[in-house]
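Counting convention: from 1, in listed order, for ligands and their atoms alike.
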Amino acid sequence: MNEAADTSIESTLSENRVFPPMGTGRLKGATWRIDSMAEYERLHARSISEPESFWSEVASELHWFEPWDSVLSGEMPDSRWFDGAKTNVCFNCVDRQVQSGHGGDTAIIWESEPLENGVPETKLITYKDLQRETSKFANVLKSMGVKKGDVVTIYMGMVPELAVAVLACARIGAPHSVIFGGFSAQSIADRVHDASSTLIVTCDGLHRRGKVVPLKENVDSAINELSEGPTPQVITLKRCHNEITHHDGRDHDWHDLMAAASDDCPCEPMEAEDTLFLLYTSGSTGKPKGIQHTTAGYMVFTYLTSKLSFNLVPDAGQVYWCTADIGWITGHSYILHGILPNRVPTIMYEGAPNSPDESRFWSIIERHQVTQFYTAPTAIRAFMKWGDEHPNKHDLSSLQVLGTVGEPINPEAWMWYRRIIGGEQCPVVDTYWQTETGGHMITPLPGATPTTPGSCTRPTLGIDAAVVHADGTECAPNEGGILVIRKPWPGMLRGVYGDRDRYIDTYWSTISIDGKPVYTAGDSARLDNSGNLWIMGRIDDVINVSGHRIGTMEVESALVSHVSVVEAAVVGVPHEIKGTALAAFVTLGQGFEPGDALIDALKAHVAKEIGSFAKPDQIRFAEALPKTRSGKIMRRLLRDIAAGVENTNQDTTTLEDLSVVAKLRESQEG
Ligand code: WT7
């Protein structure tokens, strides 16, 4: 197939294109771990019909202090994996590699954003280094009174110490709650409060596109926002050397504590179902949810999906790079927890893709001879816009597998990725999954699955995915429906922290099959005639902006908390780079005047309440919002108006006041 010949019609014709799996040409002597559809189908069928023997075989590739009594027990939504076993995630990421004689191998390749004399700073961190540093920091945590089960909040930039902090928590069984560095003080306060966390590990600042984001200052403000509970202790790593305020008795310096810490701290044998971490994610209501993942199942699942989706092979000269931030689930599972046990070096890059210029990523790939590259559709669309000249300046021929994650990838971006970055020599794996699923759910296997641009293709091993109607019956081919997972899988979330009802309501109450609840992902999908799955988008009030879920309710609450705003409705509008951007419609209180100054103030307010990434692109002022007679805001209508759709085909027969629509269309765009 020669897709290079005609790029202009890609986006319309691409659905029909099928790319057979690649040969082994680029694998430098390694092979595809699964190299045919027949093999995938055989393994998948077995993983569903005999999950216990399948997962116990996978698990026995890892280290256990004590074996399990049962592989799978309990009923969804309270499935338990590897009950009775004792293991430790840090041990499997780090100590196991040292014990098998690979202590001197590189575990993490870190690269700074700032350059000095045109050159970045690079650190090669071995498993031995990680063992020493995580042991020391684990002792620091203990010296601060952190015990097994205590939640440690981590709010840092992409520095090696972030990996050390996360793994040190796992080492002693203190669940980590990592907060992305783009979140604001208010968001930190909400998360610290929800998790009753008494220790925050942060940096003075983080480097982003040549600027310094003042993390410690945000932590100080967050602590000021906390009205109840004990004041958390703070450990600060000096990275940017920006000015910070020191609070005696509360603030501690990373380096001082580490200098005094012993490097002997054995890994705590953890129960299989002990919590490994919380990660907060947006939902359709205002309050973020602390998604709870446990130890053994998550470890086994991310280990296997890392190995198979990216074809990781130790000692084969591979260098793996995922460009996500560790503050998101992608970074948890596919920079650290799933990758390190596979003993392939993982890159952590500190900064932005366009710092100092738009070829930064490609220079990293060339310099470190990256073999697996994993990024997001929103980034790929930005690369396309910046122009082919940037990747074309660099030798990208080390690449073997290309991955994407975060949102449906448009076929044009998929084709560009395959052609320009992969030189048509690398399979593209479009991995569909969620914070809640812990790891990949639907994805091609690079050596086996024929791919079609825009489709995430097949359920991965152990995943029983289906597209169903509301009554649980399966949809016909190409009929859109609700994506469900019918069987438990090891990486599944085990709860929403402190909110059992929300766990059940959000994930396990929408659909049941044969009288039993099944997992609903909140996405719609369709299965095509060839057995490929296509994700069609969210079915709740959650908008995917640049590959991250933002609850419209959260942004609405933030807007309404501003003195001027009486009511707000936030909807998604198509956006060239972000995929979807936010548009807000607001009605103002008496005495407030619409205008550019207020638009800026409202955007700044959302940035302060949530973080800059949640700022609406458009803010429109309205005298009233379109509502049904029962008082529900007509979001679909607003979506059309925001997107500039002239003749909306939304049903307006229940609209309370038709003149509202005409006025909204006239409203100024911000
Ligand atoms: C939501 C999960 C998983 C890590 C990043 C986002 C959407 C994710 C894909 C994909 C289509 C995708 C879904 C999902 N999504 N990957 N390959 N194709 N949609 O994690 O913030 O938990 O968001 O992202 O809507 O439910 P998250």
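In this structure, Leu312 CG and Asn342 CG are separated by 5.0 Å, a value rounded to the nearest 0.5 Å.
Within a 6.0 Å radius of NE2 in His575, more than 12 heavy atoms belonging to other residues, nucleotides or ligands are found.
Proximity of the aromatic rings of Tyr432 and His440 is defined here by a centroid distance below 6.0 angstrom, and this criterion is not met. Checked against a 6.0 Å centroid threshold, the rings of Tyr320 and Tyr334 do not count as neighbours. For His176 and His337, the gap between ring centers is short of 6.0 Å. You'll find the ring centres of Phe301 and Trp81 outside the 6.0 Å limit.
Within the 4.0 Å heavy-atom criterion, the part of Asn544 lying near ligand 1 is the side chain and not the backbone. Under 4.0 angstrom from ligand 1, there are no non-hydrogen atoms of Cys456.
Taking any N or O of Asp523, backbone or side chain, at least one lies under 3.5 Å from an N or O belonging to ligand 1. Between Thr330 and ligand 1, no pair of N/O atoms sits closer than 3.5 Å. In terms of polar-atom proximity, defined here as any N/O pair under 3.5 Å, Arg538 does make such a contact with ligand 1.
Closest heavy-atom approach to atom 12 (C) of ligand 1 among the candidates Glu407, His332, His440: Glu407.
When each atom of ligand 1 is checked for a heavy atom of Trp433 under 4.0 Å away, the hits are 2 (C), 3 (C), 4 (C), 8 (C), 14 (C), 16 (N). In the vicinity of Ile329, heavy-atom distances shorter than 4.0 Å reach the ligand 1 atoms 4 (C). Every atom of ligand 1 with a heavy atom of Ile535 under 4.0 Å away is listed here by number and element: 11 (C), 19 (N). Annotation for ligand 1: atoms under 4.0 Å from non-hydrogen atoms of Asp430 are 10 (C), 17 (N), 18 (N).
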Residue pair Phe613, His548: steps toward the ring pair (Phe, Tyr, Trp, His ring centres under 6.0 Å) verdict: CA-CA 9 Å; Phe613 62 93; His548 297 294; 7.4 Å; no

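Using a 4.0 Å cut-off between a side-chain N of Lys or Arg and a carboxylate O of Asp or Glu, Lys289 and Asp194 do not qualify as a salt bridge. Electrostatic pairing of Arg549 and Glu436 counts as a salt bridge here, judged by a charged N lying under 4.0 Å from a carboxylate O.
Ranking protein heavy atoms by distance to atom 22 (O) of ligand 1, first place goes to Thr435 OG1, 2.5 Å. Looking only at protein heavy atoms, the nearest one to atom 21 (O) of ligand 1 is Arg549 NE, 3.5 Å. For atom 6 (C) of ligand 1, the nearest non-hydrogen atom of the protein is Gly547 O, 3.6 Å. Closest protein heavy atom to atom 24 (O) of ligand 1: Gly406 O, 3.2 Å. At the shortest separation from atom 11 (C) of ligand 1 among protein heavy atoms lies Pro408 N, 3.1 Å.
Defined by atom type and a distance below 3.5 Å, a donor-acceptor pair is missing between the side-chain atoms of Arg360 and Asn354.
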